[in-house]
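Note that the structure is a prediction, hence the values are computed from the model and not measured. Reminder, nothing fancy here: chain letters follow the sequence lines and each chain counts from 1.
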Amino acid sequence: GQQVMQIPQYQHVQEGEDFTTYCNSSTTLSNIQWYKQRPGGHPVFLIQLVKSGEVKKQKRLTFQFGEAKKNSSLHITATQTTDVGTYFCAGLSNAGNMLTFGGGTRLMVKP
Amino acid sequence: KAGVTQTPRYLIKTRGQQVTLSCSPISGHRSVSWYQQTPGQGLQFLFEYFSETQRNKGNFPGRFSGRQFSNSRSEMNVSTLELGDSALYLCASSQGWKNIQYFGAGTRLSVL
């Protein structure tokens, strides 16, 4: 079945440093979604990428979808303490009927 | 629009008991998915219901079951509880082909 791997599992950064998490799927995806879960909270949808090679930005966050539609990344520039949480990617299968979450990357930011 | 509502928020049960969790999706959303979240295990997919039919199923034992009603509300049942079932159970509703998940706040189940 479809597998989605996410690395790293944990990342500690100093406030102001950059952060990147990577997501790789075992199969070609229809789209990829990113979610953020704050400590004690529930996952909240951030963005969806659909096109091969697509790049989208949300303020300090940059999302990329690979050319082969099998990998994606989330990059945060100049992290802030408000960025703390776990970031999940989720890949939608080409058939469009199965959404698989990656294991998440837990980001910790030292002020 | 009101968000996804899960009840109860917290539950304490003992081994061998059974439990039923409830989820009310966003109005108009016909798909409801359930996930189990434990520390270090990420989001484990349990099952998805669409129009009262189970559309997808994860790799969980038969003790975990669910159903969906005609108003799209969904329930999840776990029978013969084990200590390892202690987790946050999240429900998410979605609409349309993009399958964007809108999560509820979850039910935290503790099995003693």
Is it the case that one hydrophobic cluster holds both [X] and [Y], taking links as side-chain heavy atoms less than 4.5 Å apart, direct or via other members?
X        : Y         : value
Leu88(B) : Val19(B)  : no
Tyr49(B) : Met76(B)  : yes
Leu11(B) : Trp34(B)  : yes
Leu46(B) : Val111(B) : yes
Val4(A)  : Tyr22(A)  : no

Q) Which value, rounded to the nearest 0.5 Å, describes the distance between Leu99(A) atom CG and Ser33(B) atom OG? A)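 These two atoms lie 7.5 Å from each other.
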Q. From Phe101(A) CZ over to Gln37(B) CD, what is the distance, rounded to the nearest 0.5 angstrom?
A.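 It is 10.0 Å, given to the nearest 0.5 Å.
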Q | Which portion of Gln37(A) sits near chain B, non-hydrogen atoms under 4.5 angstrom | A |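 When you check distances to chain B, only side chain atoms of Gln37(A) fall under 4.5 Å.
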Which answer fits [X], side chain, backbone, both or neither, if we ask what part of it has an atom under 4.5 Å from a heavy atom of chain A?
X         : result
Gln44(B)  : neither
Ile100(B) : both
Tyr35(B)  : side chain

**Q.** Shortest non-hydrogen contact between Leu90(B) and His42(A), atoms and distance
**A.** CD2-CB, 4.0 Å
Q: Provide the closest heavy-atom pair for Leu92(A) versus Asn99(B) in the form atom of the first, atom of the second, distance.
A: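 Scanning both residues completely, I find the closest heavy atoms to be CD1-ND2, 3.7 Å.
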**Q.** Neighbour count above 12 (heavy atom, 6.0 Å) for Lys57(B) NZ
**A.** yes
